[in-house]
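Throughout, residue positions are numbered sequentially from 1 according to the sequence presented. What you are looking at is a predicted structure, and each value in this text was computed from that prediction instead of being measured.
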Amino acid sequence: MEEEDRIEESSRMRLRGRTFSGGGVNESRWVDGSEVDSESPPLSLFDDNEAKEGYGSLRRRLVKKPKRVDSFDVEAMEIAGAHGHHPKDISTWHTLALAFQTLGVVYGDMGTSPLYVFSDVFSKVKIESEVDILGALSLVMYTIALLPLVKYVFVVLKANDNGEGGTFALYSLICRYAKVNMLPNRQPADEQISSFRLKLPTPELERALSIKETLERRSSLKTLLLLLVLMGTSMVIGDGILTPAISVMSAVSGLQGAVKGFDTSGIQQFGTSKVGFSFAPALALWFFSLGSIGIYNLVKYDITVIKAVNPAYIYFFFKKNSKDAWSALGGCVLCITGAEAMFADLGHFSVPAIQIAFTFVVFPCLLLAYMGQAAFLMKYPESADRIFYDSVPESLFWPVFVIATLAAMIASQAMISATFSCVKQSMALGCFPRMKIIHTSRKLMGQIYIPVINWFLMIMCVVVVSIFRSTTDIANAYGIAEVGVMLVTTTLVTLVMLLIWQTNLFMALCFPLVFGSIELIYFSAVLSKVLEGGWLPLVFASFFLSVMYIWNYGSVLKYQSEVREKISMDFMLELGSTLGTVRTPGIGLLYNELVHGIPSIFGQFLLSLPAIHSTIVFVCIKYVPIPVVPQEERFLFRRVCPKDYHMFRCIARYGYKDIRKEDHHAFEQLLVQSLENFLRKEAQELALESGLQEMDLDSVSVSSRDYSTRDVPDNEELKVPLMLGTRSEEAETSNSEAASAALPSSIMSSEIDPSLEYELSALREAIDSGFTYFLAHGDVRAKKNSFFLKKLVINYLYAFLRRNCRAGAANMSVPHMNILQVGMTYMV
């Protein structure tokens, strides 16, 4: 491996990345040499008084206080300060292209709502005067203006998690600020990931800290928050089932015939980008048709319906129709179906793209469409049942019918894409059984396809249409699912405002008071239709809520059991460097979920195998509550046990949007490179420490101007990268010369440490012998003294999910030929 050794002010070492044939990209890995045994605190080289005096950044780097600082944390600080990870500026044309794609993926559902909104509203309120028409039109106009436009476009989209939207994205945002995640594997090092950090726009810390402490202290609030998020996700999946059914049935109602071939889920496998570009022209033509026909009807029949912009007509509408008007709200809310897709599908596109498409295309075209239908009803009130097709000019009926049917088929993609995103996020955060995920885009990570979910949505869609056979009952079900998701989003965004944004209290409370009140009114109206089809989304939501909560509950108990049963360091020291068996050349990668300690499954391997590999690496694949972990911040290394044990821990951190594309060959090469770099850095650090112990501190004068850290905010010398990307050679030379002048020649010696040379040669010998993957075939069982419900959930329901989800070998992308598995039962 090509290597340049530079000793700088903060004992920095630059290691160039190496190109691997398996990965196909130039990669760098970050390692730290200040590794210490996880079970024993490090000794301090200087006393506290000396540390306070300051001996330059080199000395400060090597000072270890009695209170142990995890070497993972030190490494993470160095990595995080290396360079910012800012998203590339997207050009205006690219943003406009994305905005065009959103028409085919995000807004298909909302765009087809004129097919059935007024038909459903006037099935509950009979048209007797213009107040009925103008009141319904005013309701629709203000519903679209307040919820999708004001709430989502201007507020909710800004609550994205580094470009990712949806209920789980909001949950991960909250998990980063407050420790409310039910899985207790969070480390301080995770908080140093560059994309983990939160920007706090206002200084109102006291209230935010109070909320944070309350959430962290009360486990009941953690559980309630998790259930709220799971309920919202379940409702989104329910939307994905109901959207194709109602959209296509409404479109073909123009023929008043049988519904055939209503599902389009199969095309989703081609990817969001291809779906967007393929469908966007059709949806653009559809929105153009809506606006054009709306203007035509306004001019031809009654342009005075524009006066419905006066909200007083809403009051007159309720005064005249009272209970029937309240019931009609269930139909009115259908005008914003698919609004949640604007947020849930955010990972596929960008905030400006979604804002531009809605503000300048979707919103005006929908308003014109509804005003045109209202103008037609002013002259032909008896046409309320088939208002959309009756209001289309006769000569345009067949072209519009074809476009409407195509648009309705496309509309299903909005919530199908949102469903995929939500399932992927929940899977990464440990709340959904593992499934196969296909990434359909080489450029955008958020564009995915999940075959199992896709087939499930198709089958359920067939079942829904077979059961109901009418759009009215499906509309009742659809309204509950849509408004339920909106209520969850309102609650979570309010929490984000108070906890993370630290918005002014008055403004933060106005958000739930205004939008929450509107949604509760709508929810009360649609909830009254439970017996008329509204039970369906409640059944779907309950089913998915149960699956996700059982999986999360079982996973948390399993992790807690692993923590309790981990092997003690005293026992490992008693075994000695041979581990009580024969050490043969080779590298053993033992996959486990622990971030600290030695997993109990390692003891099972020692008992079951006649020999164990000369180098053991405990690999933990860990998902952190952020969308993406930068590649150079992926791995954290540390040594486990003394040097002669040749045992290490590697934590590979992934975000919930990250793709694990590398095959096992690329992963092995990257891991070995990181391990070699770690060993070199560790040897360098030890050499520096021993050199400092031998040198007379008073004989070296250090300029406070050059080396003191008193004036450097946040001790930036602790955040210097151990491996850098491209830097100017001039800066490297000057820094190296300055460091050389301040260091004794014994430290600057270029001779390789014999112990390092021995360890590297042993590592290369192990690499030549090959890799073996150790996996646990675990069985989770409830303890005998557990109560009945826990035994039912763990022994049967959770066990069923584990047996039928994606196996660990496939999920971790490890070769089947090199796997060793042992069985183990976790008693929880």
Student: Less than 4.5 Å apart, any side-chain heavy atom of Leu495 and any of Leu225?
Tutor: yes
Student: Find out whether Pro148 and Met110 are in side-chain contact, i.e. whether some heavy atom of one side chain is under 4.5 Å from a heavy atom of the other.
Tutor: yes
Student: To the closest 0.5 Å, what do you measure between CD (Gln355) and CZ (Phe349)?
Tutor: 14.5 Å
Student: Okay, side chain of Trp286, backbone of Gly111: is any donor-acceptor separation there less than 3.5 Å?
Tutor: yes
Student: To the nearest 0.5 angstrom, please state how far the NZ atom of Lys424 sits from the CD1 atom of Ile450.
Tutor: 8.5 Å
Student: Would you compute the distance between atom SG of Cys805 and atom CZ of Phe432 and round it to the nearest 0.5 angstrom?
Tutor: 11.0 Å
Student: Over all heavy atoms of both residues, which pair between Cys175 and Val180 is shortest? Give the atoms and the distance, please.
Tutor: SG-CG2, 3.7 Å
Student: Looking at every heavy atom in both Leu366 and Ser113, which two are closest together, and how far apart are they?
Tutor: CD2-OG, 4.4 Å
Student: Does a side-chain heavy-atom distance below 4.5 Å link Leu670 with Arg634?
Tutor: no
Student: Please test Leu242 against Leu536 for side chain to side chain contact (heavy atoms under 4.5 Å, CB included), starting from the C-alpha separation and ending with a verdict.
Tutor: CA-CA 9 Å; Leu242 297 171; Leu536 188 64; 3.7 Å; yes
Student: Return the set of residues passing side chain to side chain contact (heavy atoms under 4.5 Å, CB included) with Phe800 (not counting sequence neighbours), or none when no residue passes.
Tutor: Arg803, Asn804
Student: Locate the shortest heavy-atom distance separating Ala159 from Leu170; write the atom from each residue and the value.
Tutor: O-CD2, 3.4 Å
Student: Just by modelled atom types, is the Pro625 backbone N or O under 3.5 Å from a matching donor or acceptor in the Arg176 side chain?
Tutor: yes
Student: Measuring only between side-chain heavy atoms, which start at C-beta, is Leu283 closer than 4.5 Å to Tyr107?
Tutor: no
Student: I want to check something: taking the side chain as every heavy atom from C-beta on, are Val423 and Met427 in contact at a cut-off of under 4.5 Å?
Tutor: yes
Student: Judged by modelled atom types alone, do Ser426 and Tyr656 share a side-chain donor-acceptor pair under 3.5 Å?
Tutor: no
Student: With heavy-atom distances below 4.5 Å as the criterion, would you say the side chains of Thr419 and Phe456 are in contact?
Tutor: no
Student: State the CZ-CG distance between Phe635 and Leu671, to the nearest 0.5 angstrom.
Tutor: 6.0 Å
Student: Just to verify, what does Cys365 make a side chain to side chain contact (heavy atoms under 4.5 Å, CB included) with, not counting sequence neighbours?
Tutor: Phe287
Student: For side chain to side chain donor-acceptor pair (under 3.5 Å), just list the numbers for Thr490 and Glu519, CA-CA rounded to whole Å, side-chain angles, deciding distance to a tenth of an Å, and then say yes or no.
Tutor: CA-CA 9 Å; Thr490 300; Glu519 289 159 2; 2.8 Å; yes
Student: Evaluate the side chain to side chain contact (heavy atoms under 4.5 Å, CB included) criterion for residues Leu98 and Thr95: first the C-alpha distance (whole Å), next the side-chain angles of each, then the deciding distance (0.1 Å), finally the verdict.
Tutor: CA-CA 5 Å; Leu98 283 177; Thr95 300; 5.7 Å; no
Student: Restricting to side chain to side chain contact (heavy atoms under 4.5 Å, CB included), what partner residues turn up for Val156, sequence neighbours left out?
Tutor: Lys151, Tyr152, Phe343, Thr489, Val493, Phe511
Student: Answer yes or no: is there a donor N or O on one side and an acceptor on the other, between the side chain of Thr359 and the main chain of Ile356, under 3.5 Å?
Tutor: no
Student: Applying side chain to side chain contact (heavy atoms under 4.5 Å, CB included), run through Val333 and Glu482 and close with a yes or a no.
Tutor: CA-CA 9 Å; Val333 76; Glu482 187 68 31; 5.6 Å; no
Student: Run the side-chain donor-acceptor check on residues 538-549: report pairs under 3.5 Å with partners two or more places apart or on a different chain.
Tutor:
unit_1: Ser542; atom_1: OG; unit_2: Leu538; atom_2: O; d: 2.7
unit_1: Ser546; atom_1: OG; unit_2: Ser542; atom_2: O; d: 2.8

Student: Can you run down the side chain to side chain donor-acceptor pair (under 3.5 Å) pairs that involve residues 227-242, sequence neighbours left out, and say none if there aren't any?
Tutor: Thr167-Thr233
Student: Would you mind reporting whether Tyr116 and Thr337 have side-chain heavy atoms less than 4.5 Å apart?
Tutor: yes
Student: In the structure I gave you, are the side-chain heavy atoms of Tyr171 and Leu226 within less than 4.5 Å of one another anywhere?
Tutor: yes
Student: On a heavy-atom basis, which atom in Met342 and which in Val106 lie closest, and how many Å separate them?
Tutor: CA-CG1, 3.7 Å
Student: What distance separates Trp551 CH2 from Leu797 CG, expressed to the nearest 0.5 Å?
Tutor: 12.5 Å
Student: Can you tell me how far the SG atom of Cys431 sits from the CZ atom of Phe168, to the nearest 0.5 Å?
Tutor: 4.0 Å
Student: Verify side chain to side chain contact (heavy atoms under 4.5 Å, CB included) between Tyr798 and Tyr553, making sure each step is shown before the conclusion.
Tutor: CA-CA 9 Å; Tyr798 180 66; Tyr553 177 69; over 6 Å; no
Student: Could you report the tightest heavy-atom contact between Ile416 and Gly240, atom names first, then the distance?
Tutor: CG1-O, 4.4 Å
Student: For Leu228, which residues count as a side chain to side chain contact (heavy atoms under 4.5 Å, CB included) partner, sequence neighbours excluded?
Tutor: Val488, Thr491, Leu492
Student: Ignoring hydrogens, what is the shortest heavy-atom contact between Leu147 and Ile336? Give both atom names and the distance.
Tutor: CD1-CD1, 3.3 Å
Student: Of the options Val629, Asn181, Leu429, which is the one that meets Val624 in a side chain to side chain contact (heavy atoms under 4.5 Å, CB included)?
Tutor: Val629
